[in-house]
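All remarks here apply to the structure that follows.
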Number of protein chains: 2
Amino acid sequence: MQTTDKPTTRYTHRHERAVAAAAAIFANKGYHGASTRDIAEKLGIQQGSLYYYFKSKEAALEEVCLTALRGYVSDIESIAHQPGEVESKLKTAIAAHLATYEHNNEAMKVHNEQRLYLPKERRKQLNMLGSRYRQQLEGIFCEGVSSGQLREDIDCHFTALSLIGLCNYWGAQLLRNPTLRPEDVTENCADILLHGCLARKAATSDIEPQTDTQVN
Amino acid sequence: MQTTDKPTTRYTHRHERAVAAAAAIFANKGYHGASTRDIAEKLGIQQGSLYYYFKSKEAALEEVCLTALRGYVSDIESIAHQPGEVESKLKTAIAAHLATYEHNNEAMKVHNEQRLYLPKERRKQLNMLGSRYRQQLEGIFCEGVSSGQLREDIDCHFTALSLIGLCNYWGAQLLRNPTLRPEDVTENCADILLHGCLARKAATSDIEPQTDTQVN
DNA sequence: GCATTTTTCTATAAACCTATAGATTCTATA
DNA sequence: TATAGAATCTATAGGTTTATAGAAAAATGC
């Protein structure tokens, strides 16, 4: 285990490779379905040697999830704080979310599907990052409502969560189906979310009253 | 194992209980994280006795997934074949989808999250049912476009999949958070999907009475 | 109440899995 | 090139898991 203040670049590099290998294996087989031997094999080392990089299998899962979220959260924060129209912010946010799947696809999938197998204590940091993401996104929707760019009767919390659900769904599809183009998916998601799929009637007054219940 | 042509109601009943127990355990711990001992314990029998009902753990997973899909598919088919406005059909479809989560919640969750751990051969029937569901839903969207009730520039395939993704996301939330009301979630999902969240530019109709000359 | 069938139990084989300890090889630097 | 420390290997303890076989108990039909 590396303990000096100046971690060797060699260790850092190998450690990253180990996290990536764990991500790939966990994404394919699931946390419990994967063995430490599988991960070691992918790295070309022996099963026992893996414990030089991870204190435990569980710690490996936590690291994979954390690497998935870090960039993802800082992305949305910079998007939310930039000036600009809400509509374009949302499109950028969707594009960034899906792009994360392109670059860090396995780790994101692991985070979404396997994170709950971590004990609660180990999920604290993860939950914080997740909340930050959600809040920033929700903030964009609120801003849109205040400024009149978005319908005033939408439930920002619900809508933000829905967008996350939608992006995660399509992110997983992108991972499974390489012929899907992220730009197309982004375009389509934004279109549905912003405009809906109902035809515009001549009258524009058909906004439904909505039971604005607090969700979650 | 039950082999006679007239299966005892007793066996049938107990078998159903076994499938439900497997669904609950798989939903909580994941397929690989769950042991046959866990399932047997939930049923109040010994681990070995479980094999009277299931040929293997894998077969149990397949059965759970199948029970989840069966009702769900026949629901959408009857909805799609009924006459009526596309808008109301879609709302009914969303409500039915989420209701499945209410009644059969654990099995649905298992289908969505664990099904890929089945080997391909075992997924054939599952894939067929899934395709039927998707096709019916897509058909509703296509019908809406043809009849002019939905925008003609939406991608029906993409939109149908998005709706499935959205419903599955909220279905899982419903399972985790019992304070969520399915009717509210249905309402909100339908609203976003149909109307989007962008403000209608010309729609000032809340305040100004709308005259027929005021067209945009 | 007896015989038959259904259902459950017990015990176990064979495989696999995580994590650790100590030996060994590699790498970089003085 | 000698040496310290980093990185990996080997071997294994201790535990869990699936699935099976045969005995035992429970339910059913007559």
Side-chain angles (χ1 to χ4, degrees), chain A residues 1-26 28-64 110 114 117-119 121-122, chain B residues 1-26 28-64 110 114 117-119 121-122:
Chain A
M1 178 86 57
Q2 177 68 27
T3 52
T4 74
D5 312 56
K6 178 183 63 138
T8 58
T9 57
R10 180 185 163 86
Y11 178 83
T12 309
H13 182 249
R14 294 236 150 186
H15 179 83
E16 276 167 15
R17 270 191 55 211
V19 174
I25 299 293
F26 287 155
N28 261 332
K29 301 192 159 192
Y31 173 64
H32 291 292
S35 73
T36 52
R37 159 167 269 108
D38 293 327
I39 301 172
E41 208 163 88
K42 175 132 201 161
L43 276 169
I45 63 178
Q46 293 298 109
Q47 182 263 338
S49 308
L50 204 63
Y51 285 77
Y52 182 66
Y53 294 109
F54 299 122
K55 209 180 160 205
S56 68
K57 189 185 173 189
E58 211 177 81
L61 176 57
E62 188 184 1
E63 282 205 64
V64 169
V110 171
Q114 314 289 325
Y117 299 137
L118 286 172
E121 319 84 72
R122 262 196 204 278
Chain B
M1 179 83 58
Q2 177 66 29
T3 52
T4 73
D5 314 55
K6 178 183 63 138
T8 59
T9 56
R10 179 186 166 86
Y11 178 85
T12 310
H13 181 250
R14 296 235 149 186
H15 178 84
E16 277 166 14
R17 270 190 55 210
V19 174
I25 299 293
F26 287 155
N28 261 332
K29 304 193 158 194
Y31 173 65
H32 291 293
S35 72
T36 52
R37 160 168 267 107
D38 293 329
I39 300 171
E41 208 164 88
K42 174 133 201 162
L43 276 169
I45 62 177
Q46 293 298 109
Q47 182 264 339
S49 307
L50 204 64
Y51 286 76
Y52 180 67
Y53 294 108
F54 299 121
K55 211 178 160 206
S56 68
K57 189 184 172 189
E58 211 177 80
L61 176 58
E62 187 184 2
E63 283 205 63
V64 169
V110 171
Q114 315 290 323
Y117 300 136
L118 287 171
E121 319 84 71
R122 263 196 204 277

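Order of the sequence lines sets the chain letters (A, B, ...), proteins ahead of strands, with each chain counted from 1.
Counting to the nearest Å, the C1' atom of D:dA7 and the CD atom of A:Glu16 are 17 Å from each other. Between B:Arg37 atom CZ and C:dT8 atom P there is a gap of 17 Å when expressed in whole angstrom units. Atoms NZ (A:Lys29) and P (C:dC16) sit 12 Å apart, rounded to a whole Å. Between B:Phe26 atom CZ and D:dT18 atom C1' there is a gap of 12 Å when expressed in whole angstrom units. Following rounding to the nearest Å, B:Leu50 (CG) and D:dA19 (P) show an atom-to-atom distance of 10 Å. Separating the NE2 atom of B:His32 from the P atom of D:dT17 is a distance of 14 Å, rounded to the nearest angstrom. Regarding A:Ile45, its CD1 atom lies at a distance of 14 Å from the C1' atom of D:dT10, rounded to whole Å. Atom C1' of nucleotide D:dA7 and atom NE2 of A:His15 are separated by 15 Å, given to the nearest angstrom.
Using bins of under 30°, 30° to 60° and over 60° for the plane-to-plane angle, the ring pair B:Tyr52/B:Tyr11 lands in the perpendicular bin.
Judged by distance alone, with hydrogens and angles left aside, the side-chain atoms of B:Gln47 form no donor-acceptor pair with the main-chain N or O of B:Thr36 at under 3.5 Å. In this structure, A:Lys29 contributes its side chain and A:Ala24 its backbone to no donor-acceptor pair below 3.5 Å. At least one donor-acceptor pair closer than 3.5 Å links the side chain of B:Lys57 to the backbone N or O of B:Ala34. Remark: side-chain polar atoms of A:Asn28 are not paired, donor with acceptor, to backbone N or O of A:Ile25 under 3.5 angstrom.
Positionally, the nearest nucleotide of DNA chain C for B:Ser49 lies more toward the 5' end than for the other of A:Tyr31 and B:Ser49.
No engagement by A:Ala59 is indicated, since no non-hydrogen atom pair under 4.0 Å with the nucleic acid exists. Among the heavy atoms of the strands, none lies under 4.0 Å from A:Ala40.
When distances are taken from the side chain of B:Tyr11 to each of C:dT7, D:dA19, C:dT18, the shortest belongs to C:dT7. Relative to the side chain of A:Gln46, the nucleotides D:dA7, C:dT7, D:dC9 differ in distance, and D:dC9 lies closest.
In this model, the phosphate group of D:dA26 is not approached by any side-chain N or O of B:Arg10 to a distance below 4.0 Å at OP1 or OP2. The side chain of A:Gln47 places no N or O atom within less than 4.0 Å of a non-bridging phosphate oxygen (OP1 or OP2) of C:dC17. Of the side-chain N and O atoms in A:Tyr52, none sit less than 4.0 angstrom from OP1 or OP2 of D:dT8. Checking the phosphate oxygens (OP1, OP2) of D:dT8, a side-chain nitrogen or oxygen of A:Tyr53 falls inside 4.0 Å. Residue A:Tyr51 has no polar side-chain atom (N or O) positioned under 4.0 Å from OP1 or OP2 of C:dA21.
If you check C:dT12 for Watson-Crick or wobble pairing at under 3.5 angstrom, you find it paired to D:dA19.
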